[in-house]
Amino acid sequence: MTARQLSKIAKRVGFWALIVLIMVYAVFPFYYAVITSFKPSSELFRVELWPSTWHLGNYAQVLTQSSFLRAIFNSIVVAVSVVFIALLLGITASYALGRVRFRGRSTVLLVILGVSMFPQVAVLSGLFEVIRTLNLYNNPAGLILSYTIFTVPFTVWVLTTFMKQLPMELEEAAIMDGATPWITITKVFLPLMWPAMATTGLLAFIAAWNEFLFALTFTLTDTQRTVPVAIALLSGGSAYELPWGPIMAASVVVTVPLVVLVIIFQRRIVSGLTAGAVKG
C-alpha cells in the first residue's frame, strides 16, 4: 500500500471520527436527559449510561399536572399563530422586495435583517411598555406580538432570497393572463415556495416554542404561561429540592415533537436554506 493510499485512508478515518465526535457532542446531552427522566429520585445522582430500572413516575407526575398541560396548549396556540402571521407577512413582503424594483430596496432588506440582530433584553423594557399599553399583559396575544417582531425579519429575508430565484417568465405569463399580484403570489409562486416556507415556518415555530425571556416577563398566571416557563417553575418536595426527574421528563415531552418535525421536514429545510446559495 502506497503512502498516497495510506494518507487517503487516514483522512477518511479522521473525517468519520470527527463526525462521530460531533454527533456524540450534540446527541449525548439529550440522551442523558432521556435516561435521567426514567430514574427515580433515589438514583438521580448515580452516573450511569443505562439505567438499571425504568421509572415512569416522573412522566406521570408531569402529565397529571393541569398547569403543565395548559402550558403545552398555550405554547401550541402561540407558536402556530406566530408561524401563520410570519409566513403571511413574509410571503407578501418577499414578493414586494424580491419582484418589485424600487429605490432603496437593498437598504430595506438590510434594515429588516438588522432588526433581527437586536438581543431580546435590549428591547425588553420598551416592548413591555407596548404590551402594557395595548392591555396584552398576561395574554397570549402579547407573546404572539413580541415573537412575531423577531421572527418576521428572518422569514422575510429567507423568502425574499428564494423569491428572487423564481423565473421571471412565470410572473410575466400570469400578468398576461390578467392575474392580480395576490393571485400571482397564491397560485403561481406559493406552490414553488414550500421548501423555503417549511424552513422559515419550522424555525419560527421552534423559536416561539422555546422562547423563555418574553414568556417569563409578559405572563403572570399558570393559565397563561408557556412550556419553558412552566418547566422552570416546576417545584420539588421542599424549597431546597430541585426536581431533576420531572424537569427532564417535561423537557423530553416538549422536545420530542420538535425532533420529529425536523426529521420529517429535513429535506425541505436543507433545500430552503440553500435556495439562495446558487443562482441559476
Side-chain contact, heavy-atom cut-off 4.5 Å: Gln224 with Leu143? no

Using atom types as modelled and distance alone, determine if a side-chain donor or acceptor of Asn74 lies under 3.5 Å from a backbone N or O of Val227. no

Testing the basics here: between Pro29 and Val24, what is the closest heavy-atom pair and its distance to 0.1 Å? CD-O, 4.2 Å

Is there side-chain contact between Ile22 and Tyr25, with at least one heavy-atom pair below 4.5 Å? no

Ignoring hydrogens, what is the shortest heavy-atom contact between Gly201 and Val83? Give both atom names and the distance. O-CG2, 3.4 Å

same_hphob_cluster(Val78, Tyr137) at 4.5 Å side-chain heavy-atom cutoff: yes

Where does the angle between the aromatic ring planes of Phe28 and Tyr31 fall among parallel (under 30°), tilted (30 to 60°) and perpendicular (over 60°)? tilted

Within the 4.5 Å heavy-atom criterion, are Val62 and Ile231 side-chain neighbours or not? no

Between Glu211 (side chain only) and Leu213 (backbone N and O only), is there a donor and an acceptor less than 3.5 Å apart? yes

Per side chain to side chain contact (heavy atoms under 4.5 Å, CB included), Phe205 is matched among Leu258, Asn210, Val82, Thr200 by Leu258

Note: Tyr59 and Ser37 closest approach over all heavy atoms is OH-OG, 2.7 Å

Quick check: do Phe30 and Val256 have side-chain heavy atoms less than 4.5 Å from each other? yes

One should read off an interatomic distance between Asn58 CG and Trp244 CH2, to the nearest 0.5 angstrom, of 13.0 Å

Checking side chain to side chain contact (heavy atoms under 4.5 Å, CB included) against Ile85, which of Thr151, Ile144, Val80 comes through? Ile144

Kindly work out whether a path of hydrophobic side-chain contacts (I/L/V/M/F/W/Y, heavy atoms less than 4.5 Å apart) joins Val27 to Val259. no

Out of curiosity, does Leu56 fall in the hydrophobic cluster containing Met248 (side-chain heavy atoms, cut-off under 4.5 Å, transitive links)? yes

Give a yes or no on whether Tyr32 atom OH has more than 12 heavy-atom contacts from other residues, nucleotides or ligands under 6.0 Å away. yes

Tightest non-hydrogen contact, residues Pro191 and Thr186, listed as CD-O, 3.8 Å

In Å and rounded to the nearest 0.5 Å, what is the CD1 to CG distance from Ile131 to Leu145? 4.5 Å

Decide if atom CE of Met168 counts as having more than 12 heavy atoms of other residues, nucleotides or ligands within a radius under 6.0 Å. yes

Taking C-beta and beyond as the side chain, do Thr180 and Ile183 meet within less than 4.5 Å on heavy atoms? yes

A side-chain contact here means heavy atoms from C-beta on lying under 4.5 Å apart; do Ser94 and Met193 qualify? yes

Gap separating the OG atom of Ser75 from the CZ atom of Arg225, nearest 0.5 angstrom: 12.5 Å

Can you say whether the rings of Trp54 and Phe38 are parallel (under 30°), tilted (30 to 60°) or perpendicular (over 60°)? perpendicular

Atom CG of Asn135 with >12 non-hydrogen neighbours under 6.0 angstrom: no

Pairwise distance CD(Gln120) to CD1(Ile149) - rounded to 0.5 angstrom: 11.0 Å

Are any non-hydrogen side-chain atoms of Tyr95 and Leu159 less than 4.5 angstrom apart? no

Give me the atom names and distance for the closest heavy-atom approach of Ile91 to Leu190. CD1-CD1, 3.5 Å

Nearest 0.5 Å please: distance from the OG1 atom of Thr217 over to the CZ atom of Phe212. 8.5 Å

Rounded distance (nearest 0.5 Å) linking atom OG1 of Thr155 with atom CG of Leu88: 11.5 Å

Give the minimum heavy-atom separation between Ala230 and Phe68, together with the two atoms involved. CB-CD1, 4.4 Å

In terms of hydrophobic clustering (I, L, V, M, F, W, Y; side-chain heavy atoms under 4.5 Å; direct or indirect links), are Leu220 and Val229 co-clustered? no

Determine whether Phe218 and Leu127 make a side-chain contact, defined as any pair of heavy atoms from C-beta on separated by less than 4.5 Å. yes

Has the side chain of Trp209 got a donor or acceptor atom that lies under 3.5 Å from a matching backbone atom of Val254? yes

Same apolar cluster: Ile247 and Leu63, side chain cutoff 4.5 Å: yes

